[in-house]
Amino acid sequence: MPAHAAPRTPPSPPNPPVLPGVHGAGRPTSAARGSATGRAPRTADAGAAPAATAASTRTPASAARRRPELAAFLRSRRARVTPADVGMPPGPRRRTPGLRREEVAQLSGVGVTWYTWLEQGRPINASAQVLDAVARTLRLDRAEREHLYHLAEVPYAVRHEAAAEAVGPEVQGIIDALDPHPAVVYNTRYDILATNPAYRDLFMVPEMESIGVPNVLWTLFVVPRCDCPLVFRDTELPVMVATLRGAYGRHVGEPAWEEFIRGLSLASPEFADLWASGNVIPPGPRVKTFRHAAVGELRMTSVSLSINGMPECRIVVYTPDDEETRRATARLRELRHAESGR
């Protein structure tokens with residue numbers, strides 16, 4: 001090289017991939033949209049804000065040590081959760097102790113490739129919302145959840161109230177027994193913790209899986225208006241946002257909550273406007289009208305029930321408000337049974 005020539009600077013390495021729910025653009029990434037197929041996601045949108053992680057304080061030595069620890073911890077927790085624990089059939093020729101990776105990904109609402117990378121200890125960033133979903137699937141207790149956050153280098157905020165770690169078989173059995181009445185277990189952020197078949201008939205569970213955010217409020221705001229199952233959408237969504245804000249006061253500053261509010265505000269300007277209004281409403285019984293392609297409109301009364309030992313969660317049950325809706329819900333059950341018998 002001539003003496004006067006400046007040495008060439010090697011190109012910077014590409015940024016590591018980002019898990020769904022991480023980037024500040026608020027929209028679920030292609031990793032989330034690929035969760036149903038297990039295909040490798042595309043990179044995050046350009047210009048996305050960085051994740052709320054402790055990446056800026058990492059050292060190469062600590063990161064290299066934490067990643068194998070995180071991988072080993074996730075594998076050990078996955079091995080102890082059986083399919084029966086999460087309401088899944090064991091299936092034939094099962095060689096893996098506990099859940100398979102793809103089952104954890106499906107139950108957590110994230111892409112199979114992304115969860116595999118996380119469990120392999122690859123240098124990828126995870127959001128608080130994604131870690132919460134994985135922690136619920138793996139049935140982590142509070143100490144294990146905090147350990148997971150530290151290994152993933154995501155700030156952990158101690159909850160002022162004990163949050164539900166998982167829905168046990170007793171609660172799942174209750175909501176299953178309510179069929180043909182739709183029933184669901186929500187936490188105060190409208191994350192979906194458990195459903196029965198009738199709820200899945202009524203709400204957009206496949207759309208939630210494709211979006212990659214197992215949260216009914218997020219789904220209702222980001223799907224096209226024509227696909228929303230709520231007939232009186234413009235009346236119902238403000239009530240749900242005001243209910244969310246009523247719970248938010250107990251969680252101000254918690255990473256999972258702050259990221260959820262920021263992300264949905266960016267994904268939906270409509271949500272951002274409703275959130276800025278500051279309205280607060282407690283949960284309570286209401287009559288809601290749904291539309292279903294097979295049976296038409298259904299008028300349902302929603303009732304929230306508390307759960308002992310799960311102060312941040314509630315069972316929401318939808319019961320027919322008139323005889324026509326009662327017949328329609330029974331018809332939906334018949335259609336489901338006929339479909340499953342094929």
Side-chain angles (χ1 to χ4, degrees), residues 86-88 106-107 109 136 164 166-211 213-223 226-233 235-237 239-241 243-244 247 281-307 310 312-341:
V86 293
M88 298 179 65
Q106 179 184 1
L107 292 167
R136 285 196 300 269
V167 173
E170 298 84 2
V171 176
Q172 183 67 59
I174 290 171
I175 65 174
D176 285 342
L178 291 169
D179 191 40
H181 302 316
V184 59
V185 178
Y186 293 133
N187 62 15
T188 50
R189 203 170 54 233
Y190 284 101
D191 290 335
I192 297 176
L193 305 185
T195 63
N196 70 359
Y199 178 91
R200 296 192 288 273
D201 288 340
L202 193 62
F203 273 96
M204 309 171 66
V205 174
E207 286 78 0
M208 294 179 197
E209 293 175 352
S210 65
I211 289 171
V213 182
N215 181 283
V216 68
L217 193 62
W218 188 296
T219 304
L220 293 174
F221 272 105
V222 302
V223 297
C226 60
D227 293 335
C228 180
L230 294 172
V231 173
F232 303 110
R233 177 187 181 281
T235 301
E236 296 296 340
L237 290 188
V239 172
M240 295 179 72
V241 173
T243 304
L244 178 74
I281 298 176
R286 294 180 180 87
V287 177
K288 300 184 179 184
T289 304
F290 301 90
R291 63 169 64 89
H292 192 282
V295 298
E297 292 190 0
L298 302 96
R299 287 163 292 281
M300 313 284 284
T301 299
S302 68
V303 178
S304 296
L305 308 173
S306 61
I307 308 173
M310 301 174 67
E312 284 288 294
C313 298
R314 65 191 186 276
I315 296 176
V316 179
V317 184
Y318 299 87
T319 57
D321 192 55
D322 53 41
E323 189 58 35
E324 182 180 355
T325 299
R326 192 178 307 278
R327 290 193 297 268
T329 55
R331 176 61 179 156
L332 274 178
R333 187 182 191 184
E334 294 172 359
L335 292 173
R336 184 191 339 123
H337 288 172
E339 184 68 24
S340 62

Peer 1: Can you find a heavy atom in the side chain of T243 that is under 4.5 Å from one in the side chain of Y186?
Peer 2: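 When only atoms from C-beta onward are counted, Y186 and T243 do not touch, as no gap falls below 4.5 Å.
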Peer 1: Among residues at least two apart in sequence or on other chains, which ones pass side-chain contact (heavy atoms from CB on, under 4.5 Å) with A247?
Peer 2: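 A247: side-chain contact (heavy atoms from CB on, under 4.5 Å) contacts with T188, R250, W257.
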Peer 1: Show me the donor-acceptor pairs within less than 3.5 Å that the side chains of residues 287-296 make with the rest of the protein, sequence neighbours left out.
Peer 2:
from	atom 1	to	atom 2	distance (Å)
R291	NH1	C228	O	2.9
H292	ND1	A294	N	3.0
H292	NE2	D201	O	3.2

Peer 1: Using every non-hydrogen atom in the two residues, find where I175 and N196 come nearest and quote the distance to one decimal.
Peer 2: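 Answer, listing the atom of I175 first, then N196: O-ND2, 2.8 Å.
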Peer 1: Could you state the interatomic distance from CZ (R189) to CD (E312), rounded to the nearest 0.5 Å?
Peer 2: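 Reported value, rounded in 0.5 Å steps: 9.5 Å.
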Peer 1: Quick one: do F221 and V241 satisfy side chain to side chain contact (heavy atoms under 4.5 Å, CB included)? Show the steps, please.
Peer 2: CA-CA 10 Å; F221 272 105; V241 173; 3.6 Å; yes
Peer 1: Verify side chain to side chain contact (heavy atoms under 4.5 Å, CB included) between R136 and D191, making sure each step is shown before the conclusion.
Peer 2: CA-CA 11 Å; R136 285 196 300 269; D191 290 335; 3.8 Å; yes
Peer 1: For Q172, check side chain to side chain donor-acceptor pair (under 3.5 Å) against everything at least two apart and list the hits.
Peer 2: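 If we apply the side chain to side chain donor-acceptor pair (under 3.5 Å) test to Q172, skipping adjacent residues, the hits are D176.
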Peer 1: Compare all side-chain heavy atoms of V216 with those of M240 and state whether any distance is below 4.5 angstrom.
Peer 2: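 Yes, close enough: below the 4.5 Å cut-off.
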Peer 1: I need the D322 CG to L298 CG distance, nearest 0.5 Å.
Peer 2: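 Rounded to the nearest 0.5 Å, the CG-CG separation comes to 8.5 Å.
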Peer 1: Give the C-alpha distance, both sets of side-chain angles, the deciding distance and a yes or no for side chain to side chain contact (heavy atoms under 4.5 Å, CB included) between R286 and T235.
Peer 2: CA-CA 12 Å; R286 294 180 180 87; T235 301; over 6 Å; no
Peer 1: Quick one: do R299 and E324 make a salt bridge, cutoff under 4.0 Å?
Peer 2: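 Counted as a salt bridge, because a side-chain N and a carboxylate O are separated by less than 4.0 Å.
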Peer 1: Between N215 and Y190, is there a donor-acceptor pair closer than 3.5 Å when you use the side chain of the first and the backbone of the second?
Peer 2: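 Side chain of N215 to backbone of Y190: a pair is present.
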Peer 1: Report the distance from atom CG of L217 to atom CG of L237, rounding to the nearest 0.5 Å.
Peer 2: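 Here the interatomic distance stands at 7.0 Å.
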Peer 1: What pairs with V303 under side-chain contact (heavy atoms from CB on, under 4.5 Å), at least two apart in sequence or on another chain?
Peer 2: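 Partners of V303 by the side-chain contact (heavy atoms from CB on, under 4.5 Å) criterion, ordered by chain and then number, come out as P285, T301, L305.
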Peer 1: I want to check something: taking the side chain as every heavy atom from C-beta on, are P229 and L220 in contact at a cut-off of under 4.5 Å?
Peer 2: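 Of all side-chain heavy-atom pairs linking L220 with P229, at least one is under 4.5 Å.
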Peer 1: Report the residues that fulfil side-chain contact (heavy atoms from CB on, under 4.5 Å) with E170, sequence neighbours left out, ordered by chain and then residue number.
Peer 2: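 Per chain and number, E170 pairs via side-chain contact (heavy atoms from CB on, under 4.5 Å) with no residue.
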Peer 1: Distance check, rounded to the nearest 0.5 Å: R314 atom CZ versus L193 atom CG?
Peer 2: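 So the CZ of R314 and the CG of L193 are separated by 10.0 Å.
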Peer 1: I'd like to know whether R331 forms a side chain to side chain contact (heavy atoms under 4.5 Å, CB included) with R327, so could you lay out the CA-CA distance, the side-chain angles of the two residues, the decisive distance to 0.1 Å, and finally the verdict.
Peer 2: CA-CA 6 Å; R331 176 61 179 156; R327 290 193 297 268; over 6 Å; no
Peer 1: Would you indicate whether the side-chain heavy atoms of T329 and Y318 approach each other to under 4.5 Å?
Peer 2: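 Answer no - side chains too far apart.
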Peer 1: My understanding is that only residues two or more places apart in sequence, or in another chain, count here; which of them pass side-chain contact (heavy atoms from CB on, under 4.5 Å) with R333?
Peer 2: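 If we apply the side-chain contact (heavy atoms from CB on, under 4.5 Å) test to R333, skipping adjacent residues, the hits are D179, P180, R336, H337.
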Peer 1: Considering non-hydrogen atoms only, spot the tightest contact between V171 and M310 and give its length.
Peer 2: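 The pair with the smallest heavy-atom distance is CG2-SD, 4.5 Å.
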